[in-house]
Structure formats: C-alpha cells, structure tokens
Amino acid sequence: MRLKNKDLLGLEYLSKEEIELILKTAVPFKELFTRSIKKVPTLRGKTVVLLFYEPSTRTRISFELAAKRLSADTVNISASGSSVEKGESLIDTGKTLEAMKADFVVIRHSMSGASHVLARNINPSVINAGDGSHEHPTQGLLDIFTINEKKGTVKGLKVVIIGDIAHSRVARSNIWGLTKLGAEVVVCGPSTLIPRDIEKTGAKVCYNLDFALKNADVVNVLRIQLERQKTKRLPSLREYNLLFGMTKEKLKLAKPDVIIMHPGPMNRGIEITSNVADGAQSVIDEQVTNGIAVRMAVLYLLAGGKSSPES
C-alpha cells in the first residue's frame, strides 16, 4: 500500500489506512537512531526545500534531520532575506523551486490553506508544516505515534487536549487522526478559545478541567498562542493558569498511568508546571525524537516507497 496523493496537507484528508501506514513505516526508521550510522541512502539525489514563512525551531530542524538521514539534500528558505520579502507571491516562489528541480517543498505559513494553494500549482510533493490555525499533520502523526508506542493502541483511549483550541493547528490534526483511529477525544479550555463547530470533527467539548481529566489516558497540553489572538480572549494568564493549568494536583484526577504531552515550545508556569513537564509521566522529549522518525516515513512514502522501508 502507498499514499494516494503526492502531498501531505492534513490528516482530515487521509484515510485510517493511510495514517496507519505512516505509523507502521515510522517504526523501522526510529530503530535507525540506535545504530552508529544513522543514515540510509533512500532519498539520495532528492532535494527537500524547507520554505518557512513563520519562525520555527523544532519542526524545521526535525524535517531537516529527517531528510538528511534519508540522504536527501536540504535547502532552507525563510521569508526574511528572500524574494518573499520583496513581494514575490507564494505561487511564484513555488514555480521557481519547481524550475530548480526541487522534489519536496515543506511549507509553514501563517495563512490557513497556503499549502493547498501551493500543492495545486506545482508538481513537487508539498508537505504542510503548519498553515495558520488549520492543520499541522506531521505533529498530529508524531503525537499519535507516541501514544501508540506508549499505550500499544489508540483505539478506545480517552485523549484530553487542553488549551487554545481555536488557534491550534496541532489540536485539529490530533482530533482528525485520533478519532479516525477510534480514540475518544475531549477538548477543554475557556469557552472563548473553543471553536463553535469543533464537535463536527468528532471531538467532545468540556469547559471544566477537573471533569475532563477523569479517566483520561492521555493529556495533551497546548501552548497559549498569544501571537495568534487578534482580540483578547483571556482575562489574564493568571486566571487561565488557575483554571486550566496542568499541575501535579490536577494530574491526580486522570488515570494513574496517564501520559503527558506538549507540542512545544512550553510556557512553563502558565499552561503547565515544570514538575509535570519534567515528571515521570511526561513523554515530551520522546515526542521530539519520534518526530524525526515520522517525518522520515512521510518523505519516504511520498517518494513512492513501499509500506515498509525494509520490504
């Protein structure tokens, strides 16, 4: 089995089988990390362009490492200091990269749908690394991979996503992927940060954190994205911390074997305390490691790879 499309634009557009294929393919790539030689020649001669219109550290470096471990060449382009700063359109930039024979374009953009526009207008494979408040599919995939690795399955688990759901592309990708795999997803946060139509995605809504955490198997804590909020939707960060901050005391309301996740970067002391972020139940560092394996799997499959790199 292979992915149906040349692009990865969102988990909303993937079937359950395609999501499972990516997760399965990521397993042997993670095993590479234990070897002394961490590279395979799978994408030798291919070029991966990292086109980032927004600042990024984790995602950009993770994609770059994933590409290099597959022996691909990488090119980094940021809006600052490029033709984008001179007014070049997204499509013109894409056409230029296509003319330079790029094979993959990994794009992060502040506008929802930007990756779709690019994918419709160029032949190289386009991978959405975050578009506005729409989706961040590889983050969703690495979160699901981590859950599956720790719990053995996703089906039947209660996953609670806490925070700024309205502005979170991570939340949307997680919801689409987790519900397709049979998880119960509960979103929790202030009513001003919960989209009115979010239940159409299959998620349940809860405005009380204590109630939401009951019987939770997984808690995914989101960053408060003050930079994306055009209007002030929070009375104060102190009030948010009191009502929705993840603390050791709150954690006791969930199952004893609950795992704690966060896509990063963290606002310690606002949405999560350090003793939770650095505690025994935290898998935040493992999410970062798993991100490289998942992104290797995505690049491999979009390049036309079989269901397993070892098959």
Side-chain angles (χ1 to χ4, degrees), residues 52 54-63 65 108 110 129-130 132-133 135-147 149-150 159-175 177-178 185-190 192-194 209-210 212-213 216-229 232-254 258-295:
F52 278 62
E54 286 186 320
S56 171
T57 300
R58 288 166 180 77
T59 302
R60 181 180 57 79
I61 293 174
S62 181
F63 266 112
L65 283 172
R108 168 166 288 189
S110 61
S133 299
E135 275 215 52
H136 190 350
T138 56
Q139 181 67 47
L141 288 165
L142 75 88
D143 289 346
I144 296 168
F145 182 90
T146 304
I147 293 169
E149 188 177 55
K150 288 295 178 181
V159 181
V160 180
I161 304 175
I162 305 168
D164 187 356
I165 310 299
H167 300 95
S168 179
R169 51 199 177 203
V170 174
R172 285 173 177 79
S173 287
N174 267 273
I175 291 167
L178 288 166
V185 181
V186 177
V187 296
C188 182
T192 52
L193 295 179
I194 303 290
L209 183 58
D210 289 4
L213 288 173
D217 297 285
V218 180
V219 176
N220 198 343
V221 183
L222 303 177
R223 181 175 67 90
I224 293 297
Q225 301 185 47
L226 297 175
E227 74 278 8
R228 292 191 188 278
Q229 297 187 29
K232 194 166 184 177
R233 300 192 185 190
L234 290 174
S236 71
L237 294 179
R238 181 177 178 274
E239 181 176 326
Y240 179 87
N241 173 255
L242 288 172
L243 295 175
F244 298 101
M246 181 51 57
T247 65
K248 276 283 188 183
E249 291 69 32
K250 295 284 187 184
L251 199 55
K252 293 175 183 176
L253 298 170
V258 66
I259 60 173
I260 297 294
M261 311 179 78
H262 195 299
M266 288 182 281
N267 294 309
R268 291 174 183 260
I270 297 177
E271 72 256 6
I272 191 168
T273 59
S274 289
N275 58 6
V276 173
D278 303 326
Q281 290 158 295
S282 171
V283 296
I284 296 170
D285 288 340
E286 290 170 72
Q287 286 176 265
V288 176
T289 300
N290 291 339
I292 299 171
V294 165
R295 286 165 179 136

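Nearest approach of Tyr240 to Gly163, heavy atoms of both residues: OH-CA, 3.0 Å. Closest of all the heavy-atom pairs between Ser133 and Ala166 is CB-O, 4.0 Å. Considering every non-hydrogen atom in both Ala216 and Ala212, the closest pair reads CB-O, 4.5 Å. Closest heavy-atom contact between Val294 and Leu142: CG2-CA, 3.8 Å. Residues Ser56 and Arg60 approach most closely at OG-N, 3.2 Å, considering heavy atoms. The nearest pair of heavy atoms linking Ile162 to Val219 is CD1-CG1, 3.5 Å.
To the nearest 0.5 angstrom, Glu149 atom CD is 4.5 Å from Asn290 atom CG. A distance of 7.0 Å separates CD1 of Ile194 from SG of Cys188, quoted to the nearest 0.5 Å. To the nearest 0.5 angstrom, Gln139 atom CD is 10.5 Å from Ile144 atom CD1. Taking CG of Asn241 as the start and CZ of Arg238 as the end, the distance is 8.5 Å to the nearest 0.5 Å. Here Ile224 contributes atom CD1 and Ile270 contributes atom CD1; the two are 8.0 Å apart, rounded to the nearest 0.5 Å. Here Leu251 contributes atom CG and Leu213 contributes atom CG; the two are 7.5 Å apart, rounded to the nearest 0.5 Å.
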**Asked** Can Leu178 and Ile147 be said to form a side-chain contact (heavy atoms from CB on, under 4.5 Å), step by step?
**Response** CA-CA 10 Å; Leu178 288 166; Ile147 293 169; 4.0 Å; yes

**Criterion side-chain contact (heavy atoms from CB on, under 4.5 Å) on Glu249 and Thr273, from CA distance to verdict** = CA-CA 11 Å; Glu249 291 69 32; Thr273 59; over 6 Å; no

**Message:** Run Ile165 and Leu193 through side-chain contact (heavy atoms from CB on, under 4.5 Å) and show every step you take.
**Reply:** CA-CA 6 Å; Ile165 310 299; Leu193 295 179; 5.9 Å; no

**Item:** Residues Asn174, Ile161; criterion side-chain contact (heavy atoms from CB on, under 4.5 Å); working and verdict
**Value:** CA-CA 9 Å; Asn174 267 273; Ile161 304 175; 3.9 Å; yes

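A distance-only check finds no donor-acceptor pair linking the side chain of Ser173 to the backbone of Glu135 [under 3.5 Å].
With a 6.0 Å radius and a threshold of 12 heavy atoms from other residues, nucleotides or ligands, Asp285 has its CG atom at or below the threshold. When the shell of 6.0 Å around NZ of Lys250 is examined, it contains more than 12 heavy atoms from other residues, nucleotides or ligands.
Salt bridge Arg268/Asp278: present, at least one basic N to carboxylate O contact under 4.0 Å.
Between the side chains of Glu54 and Ser110, no donor N or O sits under 3.5 Å from an acceptor N or O.
Val218 places none of its side-chain heavy atoms less than 4.5 Å from the side chain of Asp143. At least one side-chain heavy atom of Asn220 sits less than 4.5 Å from a side-chain heavy atom of Pro263. Under the 4.5 Å side-chain criterion, counting only non-hydrogen atoms from C-beta, Met266 is in contact with Ile284. Side chains of Leu222 and Asp164 form no contact here, defined as non-hydrogen atoms less than 4.5 Å apart.
Of the options Gln287, Arg223, Glu271, a side-chain hydrogen bond (donor to acceptor under 3.5 Å, both in side chains) to His262 is made by Glu271 and by none of the others.
Figure legend: Arg295 and Phe63 shown as a cation-pi pair, the cationic atom lying under 6.0 angstrom from the six-membered ring centre and within 45 degrees of its axis.
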